[in-house]
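The structure appears right after this line, and notes come after that.
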Amino acid sequence: MKKFVVSTNTSYDILIGKDIMKDAGKLIRKKLEPCRASIVTDMTVNSIYAQVLVTSLIEAGFQVSKIVFPSGEHSKNLTTYGNILEALADEGLTRTDVIIALGGGVVGDLSGFAAATYMRGIKYIQVPTTYIAAIDASVGGKTGINLLSGKNLAGAFWQPSMVICDYKTFDTLPSEKILDGAAEAIKHGVVSDERLIEKVLQGDYEYVIERCVSIKKSIVEADERDLGLRQLLNFGHTIGHGIEKLSSYSISHGHAVAKGMVAEARAAEAMDLTPKGVSKALSDILERAGFDLSIPFSPDDIYKFALLDKKISGDKISIVAPDSIGKCHLHKISVPELKKFIQLGLEP
Ligand SMILES: NC(=O)c1ccc[n+]([C@@H]2O[C@H](COP(=O)([O-])OP(=O)(O)OC[C@H]3O[C@@H](n4cnc5c(N)ncnc54)[C@H](O)[C@@H]3O)[C@@H](O)[C@H]2O)c1
């Protein structure tokens, strides 16, 4: 088992290993006194993994309850969030108890936001079960939900107390969900480590999780609140979030980010912020991984959603421009220029 320590306003361990979920209770007990532990999960993950976690927590002395909601991005909304808060109150969870997020990025984002706001903040532990959650969503404390107007528009920065990542759970992931994780892992590679990309293409999960967590750890430690450096990890997301929302989430997060990365790199190239050839190199990598990079929406429609991007401050937005595969920089453009940026990205 590999351990990383993230030092933000609170410090926490990320434990990564194969088949470690059955030991979760013992691992958590080393950090927390026995208390009430409310597992929050979705229906799919509940049917496959909840029992192992429940048993392990009970054996370690925790008093366990469970909150289950329907699987998928459509649940990441105010209704599910409200239901989770009400269920926590019904269970009598107090400020010394803990929420355990068992599942993918949707479960982690919702549970983390509930933890950040229930009784003005209680502890939560991430137990990621998707590739995307293991390498990205479970680390760094960004929590939140979607509003009708767009992705992740309500949320909080709230760091977990621990992350327990058992990548044996990938055995049951559909191939489309493996690809979702590969997109975010390739993004980490484009932002800061070209060599990582080959490992993603080889499907070397152990290496990729450890390297992505290590990259994200350093970035989050330097910029916990997403005011500068951390925005590099938004590469592909300004256009990607628009694609996700316009498709009513039928194009999933990683697939939308893959399309968004190529479009944003192409636009940065057209604006002379990125050397010629980088967007082609990136699209070759993503096609090798198995992505369809077509974008079935107009620049105007994507622009409408991009206007609600959290990254806009005042009349400026930071875009991410690759210098090469393995290094990117931030560049501020005005909101009217964003329209042109999206058009350039979608031009054939
Ligand atoms: N907070 C962050 O920093 C951050 C970073 C990246 C992505 N995200 C968010 O994460 C979400 C996408 O993550 P996701 O794809 O993990 O979403 P998800 O939680 O919806 O999981 C995807 C699907 O896989 C199923 N599933 C989960 N684990 C499984 C397993 N081991 N075996 C079989 N099926 C399993 C789920 O039931 C769900 O249907 C998006 O909402 C995105 O915005 C957040």
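Whatever order the structure lists them in is the order used to number ligands and atoms, beginning at 1. Every heavy atom of this structure was used, including side-chain atoms; hydrogens, water molecules and symmetry mates were not.
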Within 45 degrees of the ring normal and closer than 6.0 Å to the centroid, is that where the cationic atom of K199 sits relative to Y207?
yes
Return yes or no for this condition: an N or O of D180 is under 3.5 Å from an N or O of ligand 1.
no
Backbone or side chain, does any N or O of T172 fall under 3.5 Å from an N or O of ligand 1?
yes
Tell me which protein heavy atom sits closest to atom 20 (O) of ligand 1, plus the residue, atom name and distance to 0.1 Å.
V106 CG2, 3.2 Å
Any carboxylate oxygen within less than 4.0 angstrom of a Lys/Arg side-chain nitrogen, looking at E198 and R288?
yes
Note: ligand 1 atoms sitting under 4.0 Å from heavy atoms of S71 are 37 (O), 39 (O)
As a test of the contact definition, would atom 25 (C) of ligand 1 count as having a protein heavy-atom neighbour under 4.0 Å?
no
Looking at N152, which atoms of ligand 1 are within less than 4.0 Å of one of its heavy atoms?
43 (O)
Could you check D284, I197, D193 and say which one makes a side chain to side chain contact (heavy atoms under 4.5 Å, CB included) with I325?
I197
Identify whether the distance between the nearest side-chain nitrogen and carboxylate oxygen of E224 and R230 falls below 4.0 Å.
no
So, regarding P174 and ligand 1 (criterion: nitrogen or oxygen to nitrogen or oxygen, under 3.5 Å), is there a contact or not?
no
Distance-minimising heavy-atom pair for Y118 and L93
OH-O, 2.7 Å
If I compare all heavy atoms of I135 with all of A185, which pair ends up nearest, and what's the gap?
CD1-N, 3.3 Å
If you count the atoms of ligand 1 from 1 in the order shown, which ones are under 4.0 Å from a heavy atom of G104?
16 (O), 19 (O)
Looking only at heavy atoms, the pair that brings A50 and L102 closest together is CA-CD2, 3.7 Å
Between K76 (side chain only) and N146 (backbone N and O only), is there a donor and an acceptor less than 3.5 Å apart?
no
Using a strict cut-off of less than 4.0 Å between a Lys/Arg side-chain nitrogen and an Asp/Glu carboxylate oxygen, indicate whether D166 and K22 qualify as a salt bridge.
no
Checking a contact table here: which protein heavy atom is nearest atom 40 (C) of ligand 1, and how many Å away?
E73 OE1, 3.2 Å
Backbone or side-chain N or O of K142 under 3.5 Å from ligand 1 N or O
yes
K187 bridged to E184 by N-O distance under 4.0 Å
yes
Has K276 got more than 12 heavy atoms of other residues, nucleotides or ligands less than 6.0 Å from its NZ?
yes
Is the count of non-hydrogen atoms from other residues, nucleotides or ligands lying under 6.0 Å from K280 atom NZ greater than 12?
no
Return the closest protein heavy atom for atom 44 (C) of ligand 1 as residue, atom name and distance.
D109 OD2, 3.3 Å
Which of the numbered atoms in ligand 1 are under 4.0 angstrom from any heavy atom belonging to T44?
34 (N), 37 (O)
For atom 21 (O) of ligand 1, grab the closest protein heavy atom and report residue, atom and distance to one decimal in Å.
T130 CG2, 3.7 Å
Measuring from the heavy atoms of K187, does anything fall under 4.0 Å of ligand 1?
no
Going by heavy atoms, is Y131 under 4.0 Å from ligand 1?
no
Which of the atoms of ligand 1 are close to K76, meaning less than 4.0 Å from one of its heavy atoms?
9 (C), 40 (C), 41 (O), 42 (C), 43 (O)
Nearest protein heavy-atom contact for atom 2 (C) of ligand 1: which residue, which atom, what distance?
A137 CA, 3.5 Å
If you scan protein heavy atoms around atom 43 (O) of ligand 1, the nearest is K151 NZ, 2.7 Å
N or O pair under 3.5 Å between T143 and ligand 1
no
Any idea which atoms of ligand 1 are less than 4.0 Å away from a heavy-atom of T169?
30 (C), 31 (N)
Answer yes when R36 and E91 have at least one side-chain N-carboxylate O distance shorter than 4.0 Å, and no when they do not.
no
Please state which protein non-hydrogen atom is closest to atom 22 (C) of ligand 1 and give its distance, to 0.1 Å?
K177 CD, 3.6 Å
Identity and separation of the nearest protein heavy atom to atom 15 (O) of ligand 1:
I132 CG2, 4.0 Å
